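Here is the structure we will look at.
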Amino acid sequence: MIRFYNTLSGRVEEFKPVRSGQVGLYTCGPTVYDYPHIGNYRAYIFEDLLKRFLLLSGFKVTHVMNITDIDDKTIKGAKALGVSLQDYTKKYIEAFFEDIKVLRILPANYYPRATEHIEDMVKMVKGLLAKGYAYPKDGSVYFSLAKFPDYGKLSKINKDELKAGVRVESDEYEKESVYDFVLWKKARPDEPSWETEFGAGRPGWHLECSAMSTRYLGPTFDIHCGGIDNIFPHHENEIAQSEAYYGQKFVNYWLHCHHLVVDGEKMSKSKGNFYTLRDLLARNINPVDLRFFLLSTHYRKMLNFTFDSLDQAKASRQRIIDFVYELEHQPLTEVSQPQSGSLAAAALTDFTNSLADDLNISAALAALFELIRETNSRLAKNELSPQAASQVLSAIYEMDRVLAVLPEESEEELPAGILTKIEQREQARREKNFALADSIRQELLQQGFVLEDTKEGVRWKKIK
RNA sequence: GGCGCGGUACCCAAGCGGCUAAGGGAGAGGUCUGCAAAACCUCGAUUCGUCGGUUCGAGUCCGACCCGCGCCUCCA
């Protein structure tokens, strides 16, 4: 049984998809006005873990992730550079796809862009106007909270108690009530706009997710994800628009991931603790180490990014890599007293059961590491049969379908010059010229290769 | 003011009513090794922010308090 914490109910609930064996998943994607930062990627990696686990569990997942290519920020950015909106966002869209690839985030089935779904949004605005949930005012169209009594059920905000205090009227448009939100923004000079029967303009921020999610997944779908900061107002507004328009429940399970902070503080450019993936790559950080770091803390817990904790994650991942390498290269012979009992199967069960419990990644990783320790221990005592070793490897590869942190084959290739050096060192060792051997080892270490002398011969591994 | 999250070993982090408080990192000692590395073995919390309470039994439930943090119409 798979259980998730549902923000809507505030409880951990058993997961039951609308259609048996299938999952409709919508995850809030990037606004392409800049490079995403590592906090954004925490959310996307959490969603990737969720999706990979659902796939491992046998579900067919239809995943939709929107790309917000029209909003205040993209318009502002394009204007500042004097380029078209499309030219401006293109660069960041491409960057986003490059980033998710190196982070091993599985691609979604659909990446709808707001500018390509204006028609769907216009249709919703029309419908909402016709049903009386929306009203036009000065060329814009607003959603009236007064018409939607359920407002606040996700964020547990009582709309009658919404304080007009902190940020009054940041919007220049006129509304009936300050709490109403805009569905359609009146066209302004020098801004992209679309002609409609209720006037020229562009969609409000929240509308695209309602229109595009239901377009691909149907009026009621299974899971909607995002960061906790999206709960209010974004997701709350999505619920209002969608449920008002379709007259049925919008989303069954809302899963939100907590923030990433850096050195205990929210990332901000002025504090100098703001990192994009590119910033970290420039510091020679392996993106898969970052993936493992972001993955290894439960998604509903605030995660503190420091370079020290990234190093810890890297070391943990290295332990898994070393183990798999060892097992793949160890020449195993039939042992006299093989241990019975299926270690691997038990570990895999623990692993999946842990993830089924609201993605308890800590417990899942503990199952993996216990398997590693126990197998290593048997290996050291020569109690591991080739069959058992192969079962353990299969189990770990199975787990890695969810984790995706093991090296890929291409990463195992060794540059030609390095191989020559290794052979020279082997020769030196045979001649007991250890001074030369050590100096070659040191030299290769500088180039990022660690040499290990084992009974079966020298082995190398790449470090970063 | 409203809603919510967290404080478990040197660091990260599970456990959320009941066997000796998972797991990872770092550290110490040992085995192996020409030396290393990796691996293995051993050792690290009589104790879970503080103080009360409930209970046969509490990191685990209740109350108060002390810290740290988030959201309350830009935000993953």
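Predicted model only: the values in this text are computed from it and were never measured. All values below come from the heavy atoms of this structure, side chains included, with hydrogens, waters and symmetry mates left out.
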Under 4.0 Å between a Lys/Arg side-chain N and an Asp/Glu carboxylate O for A:Lys51 and A:Glu47?
no
Let's test your reading of the pairing rules: Watson-Crick or G-U wobble, both distances under 3.5 Å, then write RNA chain B as a dot-bracket string with ( ), [ ], | and dots.
((((((((.[[[..)..(....]]].(((((.......))))).....[[[[[..)....]]]]])))))))....
[atom1] of [X]: more than 12 outside heavy atoms within 6.0 angstrom?
| X | atom1 | value |
| --- | --- | --- |
| A:Arg430 | CZ | yes |
| A:Tyr111 | OH | yes |
| A:Lys79 | NZ | yes |
| A:Lys153 | NZ | yes |

In terms of side-chain heavy atoms of [X], which of [options] is nearest?
| X | options | value |
| --- | --- | --- |
| A:Ala363 | B:A14, B:G34, B:U73 | B:A14 |
| A:Pro233 | B:C40, B:U73, B:A22 | B:U73 |
| A:Ala315 | B:A37, B:G25, B:G70 | B:G25 |
| A:Arg425 | B:A22, B:A39, B:C35 | B:C35 |
| A:Val450 | B:C72, B:A13, B:A37 | B:A37 |
| A:Lys266 | B:U73, B:A38, B:G70 | B:G70 |
| A:Ser377 | B:A22, B:C40, B:C3 | B:C40 |

Spacing of A:Asn376 atom CG relative to B:C41 atom P, expressed in whole Å:
8 Å
Within the 4.0 Å limit for protein heavy atoms, which parts of nucleotides 27-33 of chain B are touched? Write it as a string from 5' to 3', B for base, S for sugar-phosphate only, - for none.
-------
Aromatic ring centroids of A:Phe181 and A:Tyr142 under 6.0 Å?
no
Given the side-chain rings of A:Tyr275 and A:Phe305, with only the six-membered ring counted for Trp, is the space between their centroids under 6.0 Å?
yes
Can you check the distance between [N] and [M], where both ends of the measurement are the [atom1] atom (answer in whole Å)?
| N | M | atom1 | value |
| --- | --- | --- | --- |
| B:G68 | B:G63 | P | 23 Å |
| B:U54 | B:C72 | P | 42 Å |
| B:A45 | B:A14 | C1' | 15 Å |

Give a yes/no verdict on base stacking between B:G34 and A:Phe434: centres under 5.5 Å, planes within less than 30° of parallel.
yes
Whichever of A:Gln312 and A:Lys301 has its nearest RNA chain B nucleotide further upstream toward 5'
A:Lys301
By nearest-nucleotide position on RNA chain B, the 5'-leaning member of A:Met302 and A:Phe292 is A:Phe292
Is there a side-chain contact between A:His256 and A:His235 in this structure, where contact means two heavy atoms from C-beta onward sitting under 4.5 Å apart?
yes
Check the chi torsion on B:G49 and let me know: syn if it falls within 90° of 0, anti if not.
anti
Taking syn as any angle within 90 degrees of 0 and anti as the rest, which one fits B:G25?
anti
Looking across every strand, which nucleic acid part, if any, lies under 4.0 Å from A:Asp322 by heavy atom: base, sugar-phosphate, or nothing?
sugar-phosphate
Start with the C-alpha gap between A:Phe221 and A:Phe250, add the side-chain angles, then the distance that decides, and say whether ring-ring contact (aromatic ring centres under 6.0 Å, His included) holds.
CA-CA 7 Å; A:Phe221 61 92; A:Phe250 177 44; 5.4 Å; yes
Counting only N and O atoms by type, is there a donor-acceptor contact under 3.5 Å from the side chain of A:Ser377 to the main-chain atoms of A:Arg373?
no
